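Proteins come first, then strands; the chains are lettered A, B, ... in the order of their sequence lines, and each starts at number 1. Predicted model only: the values in this text are computed from it and were never measured.
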There are 2 protein chains.
Amino acid sequence: MSTEKTNKALPIMAEADIAIARIAPETSFKNKAYEALKEAILKMDIYASPEPVMLDERALSERLGVSRTPIREAIAMLEQDGFVKTVPRRGIVVVRRTKSEIVDMIRAWAALESMAARMITTIARKKDISALRDYFKDFGKDRPPQEHIEEYSKANIAFHQALISLSESPVLVDMTNDILLHVRGYRQLTIGRTDRIAASLPEHLAIIEALEERNTELAEKRARDHTLGLATYVETHGQELFS
Amino acid sequence: MSTEKTNKALPIMAEADIAIARIAPETSFKNKAYEALKEAILKMDIYASPEPVMLDERALSERLGVSRTPIREAIAMLEQDGFVKTVPRRGIVVVRRTKSEIVDMIRAWAALESMAARMITTIARKKDISALRDYFKDFGKDRPPQEHIEEYSKANIAFHQALISLSESPVLVDMTNDILLHVRGYRQLTIGRTDRIAASLPEHLAIIEALEERNTELAEKRARDHTLGLATYVETHGQELFS
DNA sequence: CCAAGATTTTTGGCATACCAGATGCCAGAC
DNA sequence: GTCTGGCATCTGGTATGCCAAAAATCTTGG
């Protein structure tokens, strides 16, 4: 009743339709605090000291220059993510995952990635699949990954994320990224073994090949087995840095 | 050093050993609000009205009898879960998922469940696997599921949850439950088709059989295809109740 | 009667004050 | 010297109040 006939209005700005992208809503302190704390947690080495890492609301609010309110909201969000756990009247503790939890997460990752592989064989463009090789173009017989672990590790993660993205499934992408955030910190500690790294590269290439051949079952299997292999590896060789 | 030799002490209360049971930690208002709001959101039919459902901090704080602070923290948590989205200075809106989002989630569910099936074939006890049949013992030729849709739908969800639990993987369980919470609301609307329901029961039984036979590949495949079938079904027949 | 502008109201964001449980230090009793 | 009760203090939990942006409503000039 009251919304019609307004189509001819908007005399001032209508014609040009300037491509302004809805000015940045200036993300709130809550979200800024969330991002800042998340980054800080991911950056720190949670498994270094024997005592659990504690956070202090007041100290954080002072450090970030905001009041406790947005800090608390950010912490509530981090708690939903499983990064911290607040104990009433005691403190906020950064969660340390046990080895079996990490292994468990990697298995879930394997499940999601194999599904992504399956989907990719039916929808992705050949060219996009082949582009996955680029992540490893700097490595080969003359430049073995084992001698550039840090670099290879980055390429490795980037490859997996790019792979999942090709599935064009936001849910798979998001869930996998969440898992990677949790696993990554621990990953650095356990991936530094030359034997596993040596096996890693050929497996990646094999996955790409299966995708290119549109071999759904094989691609799924290779993606799954590759990541399950990592799970087994961590389970067997992972340091016992946990409580 | 200081804990030994105290065995003979405790003169006053030792002998009786009063049966006090660690007083309840009284969950905070924040968590109570979170649970209350979550339940309310899951219970309501989000897709009923054309306009999006909005929440109001002040109204909620009055309804629940607490101040806005715990409400806001609860909302921050719900936002992390993806149940609501708060738009600054506009309001808090209950998120409505599009059909393709639902389909996408179901595919992720399929991935997780097939991994669960895989694991079950190697670790679950025969007896626990067989017990899965109990969820469907009230249905059969003489009592077809199509004529007891509501009841069957409940049994259906319970079966899937029990199945995943047998994997003994907390991550798979949690992730699947999250997905089910999002999908369930929509599920009721789309599952009421007799053709799909008729196919559902035999597929479930086939999954159980593969598990009992410890046929890893087959169990995985059946679990995956069953749920992917639901995804395809929703994609094809799901109502267009979305925006 | 209508549209443009001014004004009031609504709504989430943030800061602050105060509360109560949990700890830890310390004086006083044995 | 050791144990115990009490008190200062630390920490998260909750309630309030105010702010600014956005929406809704009212006003006013044509």
Point to revise | Pairing residues for A:D56 by the side-chain hydrogen bond (donor to acceptor under 3.5 Å, both in side chains) criterion, not counting sequence neighbours | key: none
Exercise for review: Classify the side chain of A:T69 versus the base of C:dT16 as yes if they form a donor-acceptor pair under 3.5 Å and no if they do not.
Suggested key: yes
Practice item. Among A:I92, A:V93, A:L55, find the residue that satisfies the side chain to side chain contact (heavy atoms under 4.5 Å, CB included) test when tested with A:T86. Key: A:I92
**Study point:** Closest nucleotide among D:dA20, C:dA15, D:dG12 to the B:R89 side chain
**Key:** D:dA20
Exercise for review: Taking the side chain as every heavy atom from C-beta outward, state whether A:Y152 and A:S200 have any pair of such atoms under 4.5 Å apart.
Suggested key: yes
Review point. Salt-bridged, A:K30 to A:E35, with N to O below 4.0 Å?
Key: no
Point to revise | For atom CD of A:E73 and atom P of C:dG12, their distance in whole Å | key: 12 Å
Check your understanding: Do A:H226 and A:H160 touch side chain to side chain, with heavy atoms closer than 4.5 Å?
Key -> yes
Revision key, fill the gap. B:K30 atom NZ is separated from D:dA15 atom P, nearest whole Å, by 13 Å
Point to revise | Strand contacts (DNA chain C) in residues 53-66 of chain B, 4.0 angstrom heavy-atom criterion | key: B:L55, B:D56, B:E57, B:R58
Study note, to complete from the structure: Which of C:dG12, C:dT23, C:dT16 is nearest the side chain of A:R90? It is C:dT23
**Study point:** For A:A162, side chain to side chain contact (heavy atoms under 4.5 Å, CB included) partners two or more places apart
**Key:** A:L132, A:Y135
Practice item. By nearest nucleotide on DNA chain D, pick out whichever of B:F29 and B:R68 is the more 5' one. Key: B:F29
Point to revise | Separation of atom CD1 in B:I71 from atom P in D:dT16, rounded to whole Å | key: 13 Å
